[in-house]
Number of protein chains: 4
Amino acid sequence: MDREQRKRLPIFEAAIKVFSEKGFEKATVDEIAERAGIAKGTIYYNYGSKKNLFLSLIEEGIERLETAVKKEIARRNNVRTKLEALITVQLQFFDDYNSFCKVLLSEVWGRDTRWEEKAERIRSGYFSIIKDLIDAGKVEGVIKKELDTGTTSSALFGMIGIAALDRFLFEKEYSYEDILNTLKSIFFSGIEK
Amino acid sequence: MDREQRKRLPIFEAAIKVFSEKGFEKATVDEIAERAGIAKGTIYYNYGSKKNLFLSLIEEGIERLETAVKKEIARRNNVRTKLEALITVQLQFFDDYNSFCKVLLSEVWGRDTRWEEKAERIRSGYFSIIKDLIDAGKVEGVIKKELDTGTTSSALFGMIGIAALDRFLFEKEYSYEDILNTLKSIFFSGIEK
Amino acid sequence: MDREQRKRLPIFEAAIKVFSEKGFEKATVDEIAERAGIAKGTIYYNYGSKKNLFLSLIEEGIERLETAVKKEIARRNNVRTKLEALITVQLQFFDDYNSFCKVLLSEVWGRDTRWEEKAERIRSGYFSIIKDLIDAGKVEGVIKKELDTGTTSSALFGMIGIAALDRFLFEKEYSYEDILNTLKSIFFSGIEK
Amino acid sequence: MDREQRKRLPIFEAAIKVFSEKGFEKATVDEIAERAGIAKGTIYYNYGSKKNLFLSLIEEGIERLETAVKKEIARRNNVRTKLEALITVQLQFFDDYNSFCKVLLSEVWGRDTRWEEKAERIRSGYFSIIKDLIDAGKVEGVIKKELDTGTTSSALFGMIGIAALDRFLFEKEYSYEDILNTLKSIFFSGIEK
DNA sequence: GATGAATGAGTTTTCATTCAT
DNA sequence: AATGAATGAAAACTCATTCAT
């Protein structure tokens, strides 16, 4: 860990927690500083502004997701297994970082103008991975050509995300395996017998 | 329109706009009042608090969605067509009120503790409609029994919601028909050929 | 009871309660109206303003005290028994209307400029009764001439008032007789054996 | 004066003035800040709330009174002179800080529930000093045993307080010596010849 | 006479940001 | 590099008062 990280890391972790619990607006820099055990000024020294701290967080989070997804995808050699891997990794990510994902969904997907280009870049960056897979599947002939690629991609992201959040946040008990199998089953072959 | 509505309606409409544009926290009562063309005190006289105004909005919105969905469902006589109707109505609703739905998703589905019981009641109220249909389908034998009902319901809600928002908010051009058909196709028979 | 009183009385009683519980500033016209079971406008129709309602209350209260005191004083024929009567009546009054007296002490005696002439007239009106008795006592030769009349009067008012309030408001149990005897004993012959 | 005091002191002094002139409710944090020559936020940074600022003031004031009283009491060796000292110090205190005392009387003694425990602790703290002296006097045999201790204590506090305030606030001219002697004379040997 | 919906000036409080140390 | 006291703009909310009905 380099010198810069020594201060940045505790801030990062405290920020995730506070933003998750309170949402962007309700979270205060004071509380983040206190939980990180550093002075408020230090946050401004390192990140410049609350907004920028938040964006760094989101960026870092999505990067980790992207990295994990891309790594797993690279290890498979057909669209079907690549998509299965994507679902598994994304679900796992939502499970591991569900409070972060809550923020992601409500603050980044929920808004449009507020986070401007940066949020938009983050969003479309991840989506293009899915889109590329869908398109590849059409070319390979394993995915129905009549499906709209954009809709299919966001539908996949949405079904995993909302289902995951709903399970992880609102239900006390749930079977991770059941969720995963249900999602795969629906996405690949639909609900009908 | 009775007397009570004379002042309440303009507040309602202004509130929807402002909350949609800014989100709950960023929206100010001052702006809502100004846009409604009434004094700020009038909002407090009628709604008691900003939070309560927002909740009334959400409640009214979900009620309209529920009413529309239930009405269409009642007119069909099997699970497949009922679910098709639900998808159609929900997509239509997201199309008609997309800025309202953005708030809905980010403020009500995005948070847990913040809106407490009322938001929770609203959320689970709508979900139980979907769950009942899924369960009925399993009984009828047209839906795979191995699917987890809860996951299936939230997956459906999520795929429609996120796809709709993504299309309606971020894309300039989109085909409503394509989105609808894609969603139905995925949900009922999956993406695979 | 004449027509005017039919509306004024319930307002009066509700006002006493609310002002006593909350103090002048914290008391709201809304609450007074609600407790009186009439519309807010009616209070303004009858009293013109919150301040005026309050002042009417104080005036009426002091008038009752003055009347009771004067009546008892008139029935005695020497300063000693007149003063004893005054102490008894004032203590009784503070016991009967202790919440009203709390307001009296804190809002009228506690302030100077706020209630201006009217409060001042009320205050000095009651004080002059005591002063006259003290002076008469000096002339009669039963009261020490070296005592400052003004100081003696306010000291008497203060010892009764504060003692009464302290007993009636802060102590659960107290003996009315003990308080009365203690006050008389101190005022007439001091604490020393 | 340490660093903390550099900003706290001007706030303190401005607050005393404003609260004394207006009373707690009518006083505004805006005015206190303006008179202290600092920003409004600084008051909240240092005291947290208007209520807390007020309470700190009262606490500090009573502490000074208590300290002064205790110091003088300790220097005397019998109840009579101790009580004389108490009367002198309290009267002096009311003379020096009469505007502060006005607030003290109306906001702390006038209310019950509003300032809750803290105000109650302040009140009973001071009263127990007087009570202890009275009880000691009874034991010593110099004070009449038939007097109720509680009533005697509050009567003493009340006669000094109300007399002082009445003189210092409402009369243009008064003799400090006359007031002091009159109070002592009444309290120890009563008004009668 | 009585009402109560509407008002808007005025208050407390919060908090991101700055900057002297 | 790091700090944290100070700031001030902005926001939610209150409530005495008015006035059309």
Side-chain angles (χ1 to χ4, degrees), chain A residues 3-4 6-8 11 24-34 38-54, chain B residues 3-4 6-8 11 22 24-34 36-53, chain C residues 3-4 6-8 11 24-34 37-54, chain D residues 3-4 6-8 11 24-34 36-53:
Chain A
R3 176 147 11 136
E4 191 187 304
R6 216 179 308 148
K7 277 283 155 134
R8 281 191 161 235
I11 297 176
F24 179 76
E25 296 294 343
K26 278 261 169 185
T28 69
V29 178
D30 268 287
E31 189 177 352
I32 295 171
E34 196 186 3
I38 47 99
K40 181 157 52 163
T42 310
I43 291 184
Y44 282 87
Y45 185 77
N46 280 283
Y47 291 92
S49 77
K50 181 188 177 185
K51 192 171 182 174
N52 192 55
L53 167 62
F54 180 74
Chain B
R3 171 144 22 134
E4 191 189 303
R6 214 182 306 155
K7 274 290 151 97
R8 281 196 160 229
I11 296 176
K22 310 280 177 84
F24 178 76
E25 297 293 345
K26 276 269 172 182
T28 71
V29 178
D30 269 287
E31 187 178 352
I32 295 171
E34 197 185 3
I38 47 101
K40 179 162 47 170
T42 309
I43 291 183
Y44 284 91
Y45 184 76
N46 280 283
Y47 290 93
S49 75
K50 181 188 176 186
K51 191 171 182 173
N52 192 56
L53 168 60
Chain C
R3 178 152 7 140
E4 190 188 306
R6 217 180 306 150
K7 279 283 154 137
R8 282 192 159 232
I11 296 176
F24 178 76
E25 296 294 342
K26 278 263 170 182
T28 69
V29 179
D30 268 286
E31 189 177 352
I32 295 170
E34 196 187 4
I38 47 97
K40 182 157 52 164
T42 310
I43 291 183
Y44 283 87
Y45 184 77
N46 279 284
Y47 290 92
S49 76
K50 182 189 178 184
K51 191 171 183 173
N52 192 56
L53 167 61
F54 180 74
Chain D
R3 173 145 17 137
E4 190 188 304
R6 215 180 306 153
K7 274 289 151 93
R8 280 195 159 228
I11 295 175
F24 178 76
E25 297 293 343
K26 275 270 171 180
T28 70
V29 178
D30 268 289
E31 188 177 351
I32 295 171
E34 196 185 3
I38 45 102
K40 182 161 45 168
T42 309
I43 292 182
Y44 283 90
Y45 184 76
N46 280 283
Y47 290 93
S49 75
K50 180 187 176 185
K51 191 172 182 172
N52 192 56
L53 168 60

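Quick note on labels: first sequence line is chain A, next is B, and so on, each numbered from 1. Since this is a predicted model, take the numbers as computed values, not measurements.
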Check: Within less than 4.0 Å of OP1 or OP2 of dA5(F), is there a side-chain N or O belonging to Asn46(D)?
Finding: no
Notebook entry, point to check: How long is the line joining NZ of Lys51(D) and C1' of dT12(E), in whole Å?
Noted result: 13 Å
Note to self: Within this structure, what is the CD1-CD1 distance for the pair Ile11(A) and Ile38(A), rounded to the nearest 0.5 Å?
What the structure shows: 4.0 Å
Next item on the list: Whole angstrom is fine here: how far is it from CG in Leu53(D) over to P in dT11(E)?
Entry: 16 Å
Next item on the list: Write down the distance between CD (Glu34(B)) and P (dT7(E)), rounded to a whole number of angstrom.
Entry: 14 Å
Next item on the list: Round to the nearest Å and state the distance from Asp30(B) atom CG to dG10(E) atom P.
Entry: 15 Å
Check: Which atoms form the tightest heavy-atom contact between Tyr47(B) and Asn52(B), and what is the distance?
Finding: O-ND2, 2.7 Å
Check: Can you check the Lys22(B) NZ to dA12(F) P distance for me, whole Å?
Finding: 11 Å
Check: Hey, which of these two, Ser49(C) or Ile43(D), hits DNA chain F nearer its 5' end, going by closest nucleotide?
Finding: Ile43(D)
Check: OH of Tyr47(B) versus P of dT14(F): gap in Å, rounded?
Finding: 17 Å
Next item on the list: Would you classify Ala27(A) as touching base, sugar-phosphate or nothing, given that sugar-phosphate means primed atoms plus P, OP1 and OP2, and contacts are heavy atoms under 4.0 Å?
Entry: sugar-phosphate
Margin query: Could you tell me how far apart Ile32(C) (CD1) and dG4(E) (P) are, to the nearest whole angstrom?
Written below: 17 Å
Check: Phosphate oxygens OP1/OP2 of dT14(E): is one of them under 4.0 Å from a side-chain N or O of Tyr44(D)?
Finding: no
Notebook entry, point to check: Can Lys51(B) be said to sit on top of Phe24(B)'s aromatic six-ring, NZ or CZ under 6.0 Å from centre and within 45° of the ring axis?
Noted result: no
Note to self: Let me spell it out: for each of Gly37(B) and Thr28(A), pick the nucleotide of DNA chain E with the closest heavy atom. Which residue's pick is nearer the 5' end?
What the structure shows: Gly37(B)
Item checked: Expected output: side-chain Lys50(C) to main-chain Ala27(C) donor-acceptor under 3.5 Å -> yes
Notebook entry, point to check: Which residue, Gly41(B) or Tyr45(D), contacts DNA chain E at a nucleotide closer to its 5' end, judged by nearest heavy atom?
Noted result: Gly41(B)
Check: Quick one: does Leu53(A)'s side chain get under 4.5 Å of Val29(A)'s, heavy atoms only?
Finding: no
Check: When all nucleic acid strands are considered with a 4.0 Å heavy-atom cut-off, which category describes Lys50(C): base, sugar-phosphate, or nothing?
Finding: sugar-phosphate
Check: If you take atom types as modelled and just measure distance, does the side chain of Lys40(D) reach the base of dT13(E) with a donor-acceptor pair under 3.5 Å?
Finding: yes
Notebook entry, point to check: CG of Asn52(A) versus C1' of dT17(E): gap in Å, rounded?
Noted result: 14 Å
Next item on the list: Please give the nucleotide sitting opposite dT21(F) as a Watson-Crick or G-U wobble pair, both distances under 3.5 Å, or none.
Entry: dA2(E)
